[in-house]
Amino acid sequence: MKRDLVSILDLKEDLMDIIKLGIEIKKNPKKYSRALDGKSLAMIFEKPSTRTRTSFEVAMTQLGGHALYMSPRDMQLGRGETIEDTAKVLSRYVDAIVYRAFDHGMMIALAKNSSVPVINALDDVEHPAQIVADLMTILEKKGRLKNLKISFIGDGNNVANSLMLGSAIVGADFYIASPKGYEIKEDYVKTAKSIAGDKSRIVITNDPIEAARDADVIYTDVWVSMGEEEEREKRERDFKGYQVNSALVSNAKKDYIFMHCLPAHRGLEVTSDVIDGPNSVVFDEAENRLHAQKAILVKFIG
Ligand code: CP
Ligand code: NVA
């Protein structure tokens with residue numbers, strides 16, 4: 001049976017195994033250099049990407065396989081061919097499909113109609129591949145995931161959804177502070193709380209200091225996600241009190257780490273002194289996209 005990674009919940013049973021495999025592949029890349037010999041990966045990107053695209057493509061090369069980058073502009077998908085037919089056709093050629101989509105419904109339709117694994121490379125509600133790399137980074141830096149306080153400051157967006165669910169799966173406490181009107185969706189919170197049970201805490205607040213207090217990890221993301229550009233002015237006003245700056249991080253543990261999925265906007269969601277400071281791990285985090293995605297590809301295609 002083929003297996004998809006549409007939501008981080010698809011890794012509910014083996015998220016820790018995949019994170020550990022990522023760490024193992026990072027240590028012994030040569031051992032895996034033929035793991036996906038002769039395998040092909042289609043990568044459909046409806047939105048721009050620096051990290052996700054490059055790391056998946058390089059991961060396939062370093063595993064002995066091959067990746068094809070496809071923009072809907074250059075595909076019949078962009079001229080009205082259905083996602084269902086696209087799924088059925090690509091499944092006859094390639095061993096897996098990576099998809100960055102505007103709409104989670106399209107992601108689900110692609111997965112449903114593909115006979116090969118579909119891996120979500122970000123959509124409007126989740127970014128699971130990012131979160132595998134992020135949790136791997138936290139494990140490397142902190143030596144554990146259980147009972148850490150992971151705090152997200154900002155928009156209850158795709159990255160926040162996946163990070164909250166991922167934190168619940170691995171048994172970390174998750175706090176999120178968002179402005180009114182930008183809170184993480186209630187159904188996601190319910191799912192996270194039911195996974196966390198009494199093992200860890202899921203806390204939703206409008207108070208960034210409550211979230212930052214004694215945090216092990218301070219995480220933020222852009223205030224304006226791809227596709228929300230027309231809301232830029234309003235969002236930049238509404239998120240003003242939610243900047244990750246030296247005053248806010250002074251509430252965190254001394255050895256806290258700062259994380260951001262990137263791309264970052266210095267002076268908006270984070271100040272330069274924080275993202276370029278000694279507690280920031282954003283470039284190790286970005287590097288781990290490569291290793292974590294190798295682990296995902298080996299598990300799903302290998
Ligand atoms: N973090 C992330 O997904 O970056 P890209 O948009 O550059 O892929
Ligand atoms: N929330 C951001 C993440 C970018 C990697 C977006 O969707 O644009």
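Please read all numbers here as calculations on a predicted model, not as lab measurements. Nothing fancy with the numbering, it's 1 onward along the sequence.
- At least one donor-acceptor pair under 3.5 Å links the side chain of Thr54 to the backbone N or O of Thr50.
- For the pair Lys112/Glu84, no side-chain contact is recorded, criterion being any heavy-atom separation below 4.5 Å from C-beta on.
- To the nearest 0.5 Å, atom NZ of residue Lys299 and atom CZ of residue Arg3 are 7.0 Å apart.
- Of the possible donor and acceptor atoms, none in the side chain of Ser33 sits under 3.5 Å from a partner among the backbone N and O of Gln62.
- Between Phe152 and Tyr175, the distance separating the two ring centers is not shorter than 6.0 angstrom.
- Atom CD1 in Ile153 sits 9.0 Å away from atom OH in Tyr242 (nearest 0.5 Å).
- Remark: the backbone N or O of Val6 is not paired with any side-chain donor or acceptor of Asp4 at under 3.5 angstrom.
- Contact of the Val224 side chain with the Glu231 side chain is not registered, since no non-hydrogen atoms from C-beta on lie closer than 4.5 Å.
- Judged by distance alone, with hydrogens and angles left aside, the side-chain atoms of Ser225 form no donor-acceptor pair with the main-chain N or O of Glu228 at under 3.5 Å.
- The shortest non-hydrogen separation linking Ser40 to Met60 is C-CE, 4.1 Å.
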Criterion side chain to side chain donor-acceptor pair (under 3.5 Å) on Glu183 and Ser178, from CA distance to verdict
CA-CA 5 Å; Glu183 290 96 347; Ser178 314; over 6 Å; no
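- Of all non-hydrogen atoms in Pro117 and Asp95, the two that sit nearest each other are CD-O, 3.3 Å.
- Taking CG of Asn279 as the reference point, atom NZ of Lys253 lies at 13.0 Å (rounded to 0.5 Å).
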Decide yes or no on side chain to side chain donor-acceptor pair (under 3.5 Å) for Glu269 and Thr220, but give the supporting numbers first.
CA-CA 7 Å; Glu269 75 271 10; Thr220 193; over 6 Å; no
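- Between the side chains of Asp134 and Tyr219, at least one donor-acceptor pair of N or O atoms lies under 3.5 Å.
- Panel note: side chain Asp14, backbone Asp17; no donor-acceptor pair is recorded below 3.5 Å.
- A donor-acceptor contact shorter than 3.5 Å links the side chain of Thr191 to the backbone of Asp187.
- Geometrically, Lys294 does not engage Tyr32 in a cation-pi contact defined by less than 6.0 Å to the ring centre and at most 45° from the axis.
- There is a side-chain donor-acceptor pair under 3.5 Å between Asn120 and Asp123.
- A 6.0 Å sphere centred on NZ of Lys39 holds no more than 12 heavy atoms belonging to other residues, nucleotides or ligands.
- Expressed to the nearest 0.5 Å, how far CE of Met136 lies from CG of Leu21 amounts to 9.5 Å.
- Closest of all the heavy-atom pairs between Ser151 and Ala211 is OG-O, 2.6 Å.
- Of all heavy-atom pairs spanning Asn206 and Pro179, the tightest one is ND2-C, 3.9 Å.
- Taking 4.0 Å as the cut-off between side-chain N and carboxylate O, Glu236 and Arg232 count as a salt-bridged pair.
- Formation of a donor-acceptor pair under 3.5 Å by the Arg100 side chain with backbone atoms of Ala121 is found in this model.
- Atoms CD and OG, from Glu57 and Ser49 in turn, are 10.0 Å apart once rounded to the nearest 0.5 Å.
- Shortest non-hydrogen contact noted between Ala264 and Ile275 is CB-CD1, 3.5 Å.
- Enclosure of atom CD in Glu233 is not indicated, since only 12 or fewer non-hydrogen atoms of other residues, nucleotides or ligands lie within 6.0 angstrom.
- Here Leu165 contributes atom CG and Ser7 contributes atom OG; the two are 6.0 Å apart, rounded to the nearest 0.5 Å.
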Test Ile195 against Lys12 for side-chain contact (heavy atoms from CB on, under 4.5 Å), laying out the working first.
CA-CA 9 Å; Ile195 295 169; Lys12 208 169 147 209; 4.0 Å; yes
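- Listed for the Tyr182 side chain is no donor-acceptor partner under 3.5 Å among the backbone atoms of Phe239.
- Taking the side chain as every heavy atom from C-beta outward, Ile83 and Asn113 never approach each other to under 4.5 Å.
- We find that Lys26 and Glu140 are joined by a salt bridge, their nearest charged nitrogen and carboxylate oxygen being less than 4.0 Å apart.
- The minimum heavy-atom distance linking Met164 with Ala192 is given by the pair CG-CB, 3.6 Å.
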Stepwise side-chain contact (heavy atoms from CB on, under 4.5 Å) test for Ile44 and Ile97:
CA-CA 7 Å; Ile44 309 172; Ile97 305 171; 4.1 Å; yes
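- One side chain, Arg289 or Thr52, offers a donor N or O that lies under 3.5 Å from an acceptor on the other.
- Lys254 places no side-chain N or O within 3.5 Å of a backbone atom of Ser250 that could act as its donor or acceptor partner.
- By the 4.5 Å heavy-atom criterion applied to side chains, Val203 and Glu210 are counted as neighbours.
- Within the 4.5 Å cutoff, no side-chain heavy atoms of Phe300 are placed close to those of Lys2.
- Side chain of Gln243 to main chain of Thr271: no donor-acceptor pair is present (N/O by atom type, distance under 3.5 Å, no hydrogens or angles).
- Side-chain contact between Gln130 and Leu122 is absent, with no heavy atoms from C-beta onward closer than 4.5 Å.
- Each of Lys240, Arg235, Lys234 was scored for a side-chain hydrogen bond (donor to acceptor under 3.5 Å, both in side chains) with Asp238, with one residue passing: Lys234.
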Does the side chain to side chain donor-acceptor pair (under 3.5 Å) test come out yes or no for Thr205 and Asp207, once each step is laid out?
CA-CA 5 Å; Thr205 175; Asp207 178 4; 5.2 Å; no
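- Stacking of Arg53 on the aromatic ring of Tyr69 is recorded, both the 6.0 Å distance cut-off and the 45° axial limit being met.
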Are Ile257 and Val217 close enough, and set up right, to give a side-chain contact (heavy atoms from CB on, under 4.5 Å), and what steps lead you there?
CA-CA 5 Å; Ile257 55 174; Val217 178; 3.9 Å; yes
Steps toward side-chain contact (heavy atoms from CB on, under 4.5 Å) verdict (Val94, Leu41):
CA-CA 6 Å; Val94 301; Leu41 177 71; over 6 Å; no
Yes or no on side chain to side chain donor-acceptor pair (under 3.5 Å) for Asn288 and Thr137, after CA distance, side-chain angles and deciding distance?
CA-CA 7 Å; Asn288 280 343; Thr137 308; 3.0 Å; yes
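- Residues Asp221 and Asn157 have side chains that bring a donor and an acceptor to within less than 3.5 angstrom of each other.
- For the pair Ser114/Lys88, no side-chain contact is recorded, criterion being any heavy-atom separation below 4.5 Å from C-beta on.
- A salt bridge is absent between Asp216 and Lys141: the closest approach of a Lys/Arg side-chain nitrogen to an acidic carboxylate oxygen does not fall below 4.0 angstrom.
- Taking hydrophobic clusters as Ile, Leu, Val, Met, Phe, Trp and Tyr residues chained together by side-chain heavy-atom distances below 4.5 Å, Val125 shares a cluster with Leu5.
- With hydrophobic clusters built from ILVMFWY side chains whose heavy atoms lie under 4.5 angstrom apart, Leu90 shares a cluster with Met106.
- Between Tyr99 and Ile119 the shortest side-chain heavy-atom distance does not fall below 4.5 Å.
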